[in-house]
Structures are given as structure tokens and as C-alpha cells.
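Scroll down for the structure; my scribbles are underneath it.
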Number of protein chains: 2
Amino acid sequence: MPPRTKRRTSIADVARLAEVSVGTVSNVLNRPDRVSPTTRERVEAAITELSFVRNGSARQLRAGTITTAGAIVLDVANPFFTDVARGIEDRLEEAGYTLMLASSDEDPDREARYLKLFEEHGVQGVMVVPSGPDIDHLRTLHDRGLRVVLLDRPSTDPALSSVAVDDRAGAAAAARHLIDLGHEHLAFLNGPHTIRQCADRSAGIHDALVEAGLDPATCLEEITITALNADGGQAGTERVLAMERRPTATLCVNDLTALGALRTLRAAEVPVPSGMAVVGYDDVTFAGELATPLTSVRQPMHALGYRAADLLLADDESAEQVVFQPELVVRESTTGTG
Amino acid sequence: MPPRTKRRTSIADVARLAEVSVGTVSNVLNRPDRVSPTTRERVEAAITELSFVRNGSARQLRAGTITTAGAIVLDVANPFFTDVARGIEDRLEEAGYTLMLASSDEDPDREARYLKLFEEHGVQGVMVVPSGPDIDHLRTLHDRGLRVVLLDRPSTDPALSSVAVDDRAGAAAAARHLIDLGHEHLAFLNGPHTIRQCADRSAGIHDALVEAGLDPATCLEEITITALNADGGQAGTERVLAMERRPTATLCVNDLTALGALRTLRAAEVPVPSGMAVVGYDDVTFAGELATPLTSVRQPMHALGYRAADLLLADDESAEQVVFQPELVVRESTTGTG
DNA sequence: TGGAGGCGTTGAAACGATTCATCGCGCGTC
DNA sequence: GACGCGCGATGAATCGTTTCAACGCCTCCA
């Protein structure tokens with residue numbers, strides 16, 4: 001790409017045309033009340049005439065700070081993160097701030113590159129879904145004076161703020177719902193416990209079982225799937241259906257997995273929910289639009305982002321750990337007549 | 001939010017600590033080969049010691065230009081646009097550029113605000129899904145030296161580049177597919193023709209019918225729905241089912257509409273596709289995962305974004321109008337045995 | 001031994017907006 | 001008529017980096 005050749009018109013050009021000093025032009029732009037109406041009009045005319053646009057870099061260099069925040073999520077194409085981003089954007093918008101958004105692809109190097117870029121550009125703070133378990137680099141950033149808010153992950157460092165969703169409670173609510181419906185033998189299609197969300201959701205299901213006086217050892221079949229999508233759901237469900245003592249309900253680690261489960265059950269002509277109840281997680285947009293509308297755990301994604309931005313904009317310097325409670329959305333895949 | 005109090009360490013602080021001049025520090029940062037190894041090491045040590053971070057504003061002010069581009073889409077929470085954004089990001093990444101992403105919510109004021117912000121920050125160019133039919137403001141931007149690329153909309157101004165998808169051809173392909181399967185009486189659940197995409201898709205269906213020697217006046221029932229979502233699809237399908245001479249296939253303006261159509265057909269116990277074939281548009285992620293996998297028209301969203309960024313980065317100044325061809329993805333909702 | 005040439009470093013100018021101490025002018029007051 | 005006051009306008013200093021002409025030093029060669 002060729003460099004931008006045309007020199008941008010500067011405040012000096014405007015001043016020359018309006019026959020005033022640069023200071024006056026600056027005053028027209030920033031404190032119009034301190035300028036007499038006649039000069040102001042002349043300056044404004046010159047601005048439109050030259051179609052002058054302020055140079056943000058110079059402005060910011062002098063001011064030392066800007067009304068911009070950065071956010072790094074794992075993947076901008078994932079509906080979960082876009083809803084979060086939307087919440088962030090809405091809160092920043094209220095405060096007159098703007099957002100620089102980037103995705104790290106779970107690559108710590110990419111994350112580091114974007115963090116550096118953001119810092120160089122003088123953002124007020126950053127909201128980050130960390131790519132790895134290590135958050136020392138974020139602490140360093142905080143020590144250098146940036147506001148740092150962790151997204152979708154409780155902070156292990158008390159100096160850093162965070163917003164997260166209580167996965168354990170969400171999974172417990174889902175399991176409790178099934179137990180209330182009379183199910184006493186559950187399957188759980190889950191990812192590896194190295195992923196924090198997976199471990200937490202597993203723990204939540206255990207909680208609900210124990211609370212109901214059921215023994216997880218005999219009442220829960222946790223099946224580890226590698227792909228947390230429809231194919232993983234299909235593979236897991238096939239294993240569930242092959243069991244000698246077949247569970248009566250299947251919990252899925254997310255809605256895509258549940259989609260695969262429903263597909264497999266249909267193929268095997270197992271009615272839902274009478275032959276097998278199914279619960280998803282995330283409550284993605286299409287969960288309610290499926291052939292069998294899916295009971296799912298809704299995460300307050302928008303609120304998550306909104307609150308994160310709120311913490312970033314907070315007046316005091318203290319860190320805060322916010323945990324949201326998810327909400328069970330009951331649909332026909334557990335309570336229907338099929 | 002309190003202003004960042006700590007003054008950032010500057011290149012001068014580093015120079016002082018390393019006992020060299022500022023010019024040398026700058027050289028270490030930008031052309032390390034021109035600095036002797038011993039001084040370089042001393043400077044690098046000072047940089048780490050002070051955890052110095054370059055001030056992007058000053059850098060950019062001096063350089064006059066930066067490796068950043070802006071993009072404005074209608075809604076970052078819409079999967080179509082996030083896939084496009086992803087394509088943009090991938091192409092920019094290759095060139096070492098970064099992206100500032102924002103959504104306009106179809107609000108021309110919001111769009112204008114972000115454009116101003118981007119320009120003030122000296123982006124090389126912007127990629128925009130225009131909020132309204134008017135693109136004069138984008139032409140103005142172009143005249144001021146920014147690269148402008150229109151997204152998902154052919155440019156009416158030959159000076160501006162654009163990338164779009166051929167909606168007419170996509171709809172024609174879908175209709176042709178149905179005609180090839182022997183359908184001679186089609187329903188089309190469409191939005192108002194004031195939306196360019198809707199008008200184009202309608203035209204495409206007409207093309208296919210005429211081409212096959214069928215008369216659109218008798219062979220096509222175009223039903224205008226107000227909500228382009230599942231509810232709209234349901235309402236439209238109910239009207240189709242109530243027709244005296246019932247069409248044998250339904251084309252839907254997008255996949256969500258098709259979802260509503262499928263739901264309604266299931267409730268009315270009309271088998272798909274033997275009682276009614278259904279085609280969607282967009283090929284969203286879950287289209288293939290439905291109870292009846294949906295035949296749909298896939299838009300090359302990633303490629304759309306990738307190419308847009310490509311045009312933005314192009315070496316020459318000439319504008320280019322790129323039109324992508326969509327691809328029909330055939331699934332069981334038209335060719336199944338149900 | 002004097003000069004040429006090259007390498008590494010220096011220091012100041014420049015980018016463009018903001019800020020603030022200062023100045024000029026007109027008007028009212030004594 | 002002299003003085004003070006206040007409103008507006010001024011312009012130089014400033015932010016932190018990059019760039020570049022100039023300079024000092026060393027080496028090599030005649």
C-alpha cells in the first residue's frame with residue numbers, strides 16, 4: 001500500500017485561512033464559549049472549507065490519554081464472545097469511549113502482540129479473555145498503570161478485576177432440574193477437565209446429585225469427548241445409547257454438543273424427552289428454534305461484557321471479582337411430550 | 001475513571017539511564033543493525049529495566065501514518081458479519097496491520113461518528129457496510145486520501161472499491177435446483193424489496209423460472225414477510241399452507257426464516273421434502289445440524305472480508321468492484337426421503 | 001605523517017494539537 | 001482624562017518520537 005501522500009490539513013492551515021491564531025482555532029474546537037461569535041463563525045467556515053479533521057495522534061500526545069479501551073477475546077466469530085463484545089461496546093458507548101477489538105485465537109503470542117499495540121496506543125485499559133493459565137503479563141500491565149479486567153475467568157490475582165459466570169452453579173441448576181423431573185441416572189458429555197469450564201460444570205453436577213442424596217459414582221456417567229461440537233455430541237451419545245444400564249437424561253457441555261445428541265437420538269428413534277431428556281449449555285440463538293426446542297443454561301453474555309467495561313471505567317482503583325449467575329431456560333427437550 | 005497518573009517512561013529516560021542520546025535509543029528500536037552491539041545491549045538493558053513502552057501517538061504523529069485499518073459493520077453480534085470481520089482480520093494480520101472494529105447498528109450517525117474517530121486516528125483506510133443508501137460521505141473520505149472499501153454492497157460510485165456477493169445468482173441457483181427436481185410451483189418468503197438483497201434475490205428466482213420456460217406469474221408465489229426470522233418464516237408458511245393451489249417448494253430469504261418454515265411444516269405434519277421442499281439462504285453453522293438438514297446458499301463471508309482487506313492494502317490507487325459467486329449447498333430438505 | 005573514508009553517535013528540527021501566561025483593546029469609573 | 005478591569009486573542013512552550021545532517025574517532029593507505 002502506498003503511503004498517504006496528501007498532507008492532512010492542520011490547525012495552522014485553518015488559522016491562516018480564518019486569519020486567527022492556532023490557539024483560537026483550538027479554542028473553537030474545545031471551548032467554543034470562550035471565543036466571540038464572529039471569530040467562531042469565521043473559524044468554523046474555514047474548517048468546513050478545508051474539510052479539516054483533527055489529528056488524533058497529536059491531540060493524544062499532548063493530552064497524554066485517550067478515551068479508548070481494548071478488548072481481546074479468543075475468537076470474534078464465536079457468538080458467545082460477540083455478545084460479550086456487544087455488552088462492552090454498549091457500556092463504553094455510554095461513557096463516550098470507543099473499543100478496539102481483537103481476537104487472540106487462544107495464541108498467547110498473538111495476545112501479547114495486541115496487548116503491546118494497545119498499550120502503545122495509550123488505551124485506558126484492556127479487557128482480556130486470557131489465552132493461557134498464566135496471567136503474570138497482565139499483572140505487569142496493571143503495575144504500569146493500565147486498568148486490566150479479566151473476562152470469563154475469575155482472577156487468581158487479587159489486584160486484577162474480573163467478571164465470570166458461575167459454571168458450577170449453572171451445571172448444578174441443570175442437573176437439579178433433571179432430578180426434580182425424576183431422573184436418577186444422568187449422562188454428562190463433557191470436555192477434558194483441563195478446561196476450567198469443564199471441570200467446574202462437572203463439579204456442579206456432582207453438587208446437585210449429592211444434595212439430592214444420590215451417589216455420583218452410580219448415578220452419573222461422565223463421558224469425555226474431544227470435540228466440543230455436534231460431532232462430539234454424536235460420538236458421545238452413541239456411547240451412551242450402547243450402555244447396558246442406559247441413563248434417562250443427557251447433559252451436554254454446550255449447545256452444539258446437544259445438537260449432535262439430538263441428531264443421534266432421532267436417528268436411533270429414541271423419543272425426546274420420554275426416552276432421553278437432553279440439556280444443553282449456552283442457550284445459543286437457535287436453541288429454541290430446533291425441532292425439539294432445547295432446555296439450556298443461559299449465560300448473561302451481554303451483561304458480562306457490560307459489567308467488565310463498567311469495572312474498567314470505575315472511579316476507584318480497587319479490584320473487584322464479579323461472578324454472574326447463569327439461568328436455566330426450560331424447553332421441550334426435558335419437559336415435552338415426545 | 002481517574003486519569004492515568006504515572007507519567008509513562010519516555011525514550012529520554014532510557015537514553016539517560018543507558019548514557020546515550022535519544023537518537024541512539026530510537027535506532028536501537030527501529031534499525032538495530034546500525035548500532036554497535038555493546039551500546040545496543042546497554043540500551044536494551046535500560047529498556048527492560050524501565051519496562052519502557054513506545055508512545056504510539058508520538059510515533060504516529062512523526063510518521064504520519066500507521067498500519068491500522070478500520071471496519072464498520074451493521075452488527076458485530078451477527079454471524080454473517082463476524083465471519084466477514086474474521087476474513088478482514090486474517091488478511092490484515094498477514095500484512096502486519098491491525099483492525100479497529102465497530103458496529104453501526106444501521107444508524108448513520110453512529111457510522112459517521114466511528115468514521116470520524118478512525119480518520120482522526122489516522123487509519124490507512126476503512127471498510128464499511130453502509131447504513132443507508134447514501135455514500136457521499138464515503139466519497140468525501142476517499143477524496144481526503146483514505147482508502148475506502150464498501151462491504152456487501154456494490155459501489156454506485158466508480159471511485160470506490162467494493163466487495164459483494166451476487167444475490168441474484170445465488171437465488172437463481174437455488175430456484176434452478178428446485179426446478180431440476182421437478183418443482184414447477186414455488187413459494188418465496190421474502191422481505192420488502194426496499195432491501196437490496198431482497199430485491200436481487202427475487203430477480204434471481206424470476207431469472208431461473210423464465211430460463212426454464214416457466215411463467216413467474218403463475219409458478220411463483222412471493223410472500224412478503226416483515227420479520228426476517230423464524231417467526232416471519234412461520235407466518236409465511238402458514239399462508240403458503242392455506243393456499244388452494246399449494247406450491248411444492250418454499251424458498252426462504254434466510255436460514256432463520258427457513259427454520260420457522262420447517263417448524264411449521266412439522267407441526268402441520270407435512271413431510272419434508274416430499275410434501276414441501278425447503279431452501280434457506282446464508283448457510284449458517286447450524287443449517288446442517290437441524291433435524292432435517294437444510295439446503296441453503298452459502299455466502300463466502302470469510303473470503304468477502306479477506307478480499308476487502310486485500311483491496312484496502314492494494315498498491316495501486318485504482319478502484320475495483322469485486323462480486324463473489326455464492327454456492328448452493330444441497331442437503332436433505334430438498335433431496336431427502338422424508 | 002597527513003588525508004580519505006567509514007562507522008557509530010549525536011543533537012536538533014519536525015510532526016500537530018493543547019495550554020497558559022501575556023498582551024491589547026474597549027469601556028466604565030472616578 | 002487617567003486608570004483599571006475584563007474579555008478575547010495570541011503565540012510560544014510542550015508532549016515523545018523519528019529523522020537526518022553533522023561530527024568525532026578510528027583505520028588504512030599513500
Side-chain angles (χ1 to χ4, degrees), chain A residues 3-44 46-47 50-67 116-117 119-122 144-145, chain B residues 3-44 46-47 50-67 116-117 119-122 144-145:
Chain A
R4 298 245 316 259
T5 44
K6 292 171 196 159
R7 205 176 58 79
R8 288 167 65 166
T9 60
S10 82
I11 214 175
D13 299 325
V14 175
R16 209 170 305 125
L17 181 60
E19 295 178 316
V20 294
S21 74
V22 290
T24 303
V25 177
S26 179
N27 277 334
V28 170
L29 292 169
N30 301 304
R31 317 183 197 65
D33 49 304
R34 294 202 194 161
V35 181
S36 75
T38 53
T39 16
R40 194 193 319 156
E41 271 168 36
R42 226 170 51 241
V43 172
E44 278 165 355
I47 288 178
L50 297 171
S51 68
F52 162 75
V53 176
R54 276 223 273 285
N55 182 323
S57 309
R59 180 178 167 72
Q60 179 185 340
L61 171 59
R62 186 63 235 259
T65 184
I66 45 165
T67 55
K116 188 175 174 199
L117 183 90
E119 188 179 10
E120 287 189 0
H121 277 74
R144 243 180 276 139
Chain B
R4 299 245 315 260
T5 44
K6 293 171 196 160
R7 204 176 60 78
R8 289 166 66 168
T9 60
S10 81
I11 216 174
D13 299 325
V14 175
R16 209 170 303 125
L17 180 62
E19 296 178 315
V20 295
S21 74
V22 291
T24 303
V25 177
S26 178
N27 277 335
V28 170
L29 292 169
N30 301 303
R31 315 185 200 66
D33 49 305
R34 295 203 193 162
V35 181
S36 76
T38 53
T39 6
R40 194 193 319 158
E41 271 168 36
R42 228 171 48 242
V43 172
E44 278 166 354
I47 288 177
L50 299 171
S51 68
F52 162 75
V53 176
R54 277 224 271 291
N55 182 322
S57 310
R59 179 180 169 69
Q60 180 183 340
L61 171 60
R62 186 59 237 253
T65 183
I66 46 167
T67 56
K116 186 173 176 203
L117 182 92
E119 189 180 8
E120 285 189 1
H121 276 73
R144 245 182 272 136

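If you're wondering where the values come from, they're calculated on a predicted model, not measured in any experiment. Just so we're on the same page: letters track the sequence lines, and every chain starts at 1.
- To the nearest 0.5 Å, the span separating OG1 on A/Thr39 from CD on A/Glu41 amounts to 9.0 Å.
- Contact annotation: A/Arg54 side-chain N/O to C/dA17 OP1/OP2 distance is not under 4.0 Å.
- Minimum interatomic distance between B/Arg54 and B/Leu29 (heavy atoms only, all atoms of both residues): NH1-CB, 3.4 Å.
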Can you check nucleotides 21-24 of chain D for protein contacts, nitrogen or oxygen pairs under 3.5 Å, and list what you find?
none

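- Contact between B/Arg40 and B/Pro32 at its shortest, heavy atoms only, is NE-O, 3.4 Å.
- Phosphate proximity of D/dG16 to B/Ser10: absent, as no side-chain N or O sits under 4.0 Å from OP1 or OP2.
- Under the 4.5 Å side-chain criterion, counting only non-hydrogen atoms from C-beta, B/Val20 is in contact with B/Val43.
- Proximity of A/Arg59 to A/Asn30: side-chain heavy atoms (C-beta onward) are separated by under 4.5 Å at one or more points.
- Whole-Å rounding puts the A/Leu50 CG to C/dG16 P distance at 14 Å.
- In this structure, A/Val22 and A/Ala15 approach most closely via the heavy-atom pair N-CB, 3.8 Å.
- For the pair A/His121 and B/His121, the minimum side-chain heavy-atom distance is 4.5 Å or more.
- Remark: B/Arg31 is not in phosphate contact with D/dT18, judged by side-chain N or O atoms under 4.0 Å from OP1 or OP2.
- Per the geometry, CD belonging to B/Gln60 stands 16 Å off C1' belonging to C/dA14, to the nearest Å.
- In this structure, the CG atom of B/Leu29 is 10 Å from the C1' atom of D/dT17, given to the nearest Å.
- Counting to the nearest Å, the P atom of D/dG16 and the CZ atom of B/Arg16 are 11 Å from each other.
- Look at CG on A/Leu61: it is 12 Å from P on D/dT18, rounded to the nearest Å.
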Please tabulate the protein-to-nucleotide N/O contacts below 3.5 Å involving nucleotides 7-10 of chain C, giving atom names and distances.
| residue | atom | partner | partner atom | Å |
| --- | --- | --- | --- | --- |
| C/dT9 | OP1 | B/Ser36 | OG | 3.0 |
| C/dT9 | OP1 | B/Thr39 | OG1 | 2.3 |
| C/dT9 | OP2 | B/Ser36 | N | 3.1 |
| C/dT10 | OP2 | B/Ser21 | N | 2.9 |
| C/dT10 | OP2 | B/Ser21 | OG | 3.2 |
| C/dT10 | OP2 | B/Thr24 | OG1 | 2.8 |

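- Interface remark: the B/Arg62 side chain does form a donor-acceptor pair with the D/dT18 base, using a distance-only criterion of under 3.5 Å.
- Distances shorter than 4.0 Å separate none of the side-chain N or O atoms of A/Asn55 from OP1 or OP2 on C/dA17.
- At whole-Å resolution of the value, CD1 in A/Ile11 and P in D/dA12 are 16 Å apart.
- Inter-residue side-chain proximity for A/Thr9 and A/Val14 is flagged as unmet; no heavy-atom pair is nearer than 4.5 Å.
- Interatomic distance, B/Phe52 CZ to A/Arg144 CZ, rounded to the nearest 0.5 Å: 11.0 Å.
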